[in-house]
Structure formats: C-alpha cells, structure tokens
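None of these values were measured; they are calculated from a predicted model. Hydrogens, waters and symmetry mates are skipped; everything else that's a heavy atom, side chains included, is used. Chain A is the first sequence line, chain B the second, and so forth, proteins listed ahead of strands; every chain is numbered from 1.
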Amino acid sequence: AQRVTQPEKLLSVFKGAPVELKCNYSYSGSPELFWYVQYSRQRLQLLLRHISRESIKGFTADLNKGETSFHLKKPFAQEEDSAMYYCALIAYSGGYQKVTFGTGTKLQVIP
Amino acid sequence: ETGVTQTPRHLVMGMTNKKSLKCEQHLGHNAMYWYKQSAKKPLELMFVYSLEERVENNSVPSRFSPECPNSSHLFLHLHTLQPEDSALYLCASSRQEGSGTEAFFGQGTRLTVV
C-alpha cells in the first residue's frame, strides 16, 4: 500500500525567505508524484509533477528515490504563496490509477 | 464551464433528508473520484470509479451511495447523514491510461448536516 507523509501541518515563513515543504512517500513500485495547491476559496489544482521537472511560480520539487522524498522548494516566498499544499502519489493497482494524498501543509507567508 | 463541475456548491440538509451531489466532467477522463475534505482529515478518498465501475470503497458508511451512470457523470447519494458528515465533498477525474496524468478537481460541495 502506498502512503504519503507531510510532517508539517503549518509552516510560517517571512516574505522573501526560502520555503521547503516536506513530503515523504512509501511505495513499492515506481512512483509518480505531484504537488497540488489550494488557495483560499479556490479549487484544488495541480502545481507541478515530478516527471515534468518544471518550475511553476518559482517552485521546484525533485524526486529523491533514495530518501523517498519529494520536497517542494522555493528560494523566496511571496505573500501570494500562502495556501494549502498537498503532496500526492499516483499508483497503478488492479488496472486503475489511485491517487493518494498527504495530509497537507498550510503555508503562511508573513509580510 | 469546462473541467470538473460540481453542483450544488452549498447544501444544508437535515439528518432525515435524502439528497444527491452531482459531478460532471468534460475532459474525456475515464476515472472519477469522491473525496471528503474536513478540518480533521484534510483529504479522504471515499470512492473510485474506473471505466464506470466502482473499484474502490474506502470503508465509507452506507449512508453514502455513489453512482456513475457514464464516464462523464458521478453522483453521491446521501441519506440519514450525521452532523459529523458535514464537510467539503470534492469530485475529481483523471485518465487511467498513461503516466503523469494528474487528477482535476471540482470546486466542491460544502455540505452542512443539521
């Protein structure tokens, strides 16, 4: 069974400070990992996916299979980054895709 | 509206009522999901439908009854709910085939059971 762990429920940083949202996973197969973001009063939406190796809104995340981690990073936090962030893992089981989310980390950027 | 649409956006119901939540997607996806989002458990998978067949039921009480009549529509029928069932219910859809396919979410139905 797969599991996604986000150890921090709340992360508060000052504007301009670096951000790192932690995510660890447990999965016996080859994982596909994503970060989703939920801004206040908006729907949950995809932020980035590991296979794209892209940077979205200044955020990056590198899959570290040795440490089974997929931490989300941004060098300089902005106030508009304040939101709820969820790490997610996609596993294929019995011919269908199952998405498992972590419990989420609330990022609070202090002006 | 494109993407995943959920109706109603807000619902208040009594414990003896019967109501249904509706989800519709026009993305050509073939898998649909119901999630429950509350303060205690932020994102809790309830049901998964793949190719219109229920493939997962995460120990959800029988007072929640899903229905997937076709690949574009998903319902969650509610009856004799409890106040602790008050939460945001999210629908999502995705493609089952291929890698790197993310789930798209609706805006949710805010359910209050009184």
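Separation of the B:Phe104 and A:Phe34 ring centroids does not fall under the 6.0 Å cut-off.
More than 12 heavy atoms of other residues, nucleotides or ligands sit less than 6.0 Å from atom CD of B:Gln82. Summarising the local packing, CZ of A:Phe76 is surrounded by 12 or fewer heavy atoms from other residues, nucleotides or ligands at distances under 6.0 Å.
Of the candidates A:Val4, A:Leu44, A:Thr103, A:Leu44 is the only one forming a side chain to side chain contact (heavy atoms under 4.5 Å, CB included) with B:Leu43.
Scored by the side chain to side chain donor-acceptor pair (under 3.5 Å) test, B:His77 finds B:Ser20, B:Glu67 as partners (sequence neighbours excluded). Every residue was checked against the side chain to side chain donor-acceptor pair (under 3.5 Å) condition with B:Lys19, not counting sequence neighbours, and none meets it.
Side-chain heavy atoms closer than 4.5 Å link hydrophobic residues (I, L, V, M, F, W, Y) into clusters, and following such links, even through other members, never connects B:Leu90 to B:Leu21.
How far CD of B:Gln37 is from CZ of A:Phe101: 9.5 Å, rounded to the nearest 0.5 Å.
Within the 3.5 Å criterion, the main-chain N or O of B:Val4 finds a donor-acceptor partner in the side chain of A:Arg43.
For the residue pair A:Gln42/B:Gln107, the side-chain donor-acceptor check at 3.5 Å is not satisfied.
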Does the side chain to side chain contact (heavy atoms under 4.5 Å, CB included) test come out yes or no for B:Tyr35 and A:Val99, once each step is laid out? CA-CA 11 Å; B:Tyr35 285 88; A:Val99 185; 3.5 Å; yes
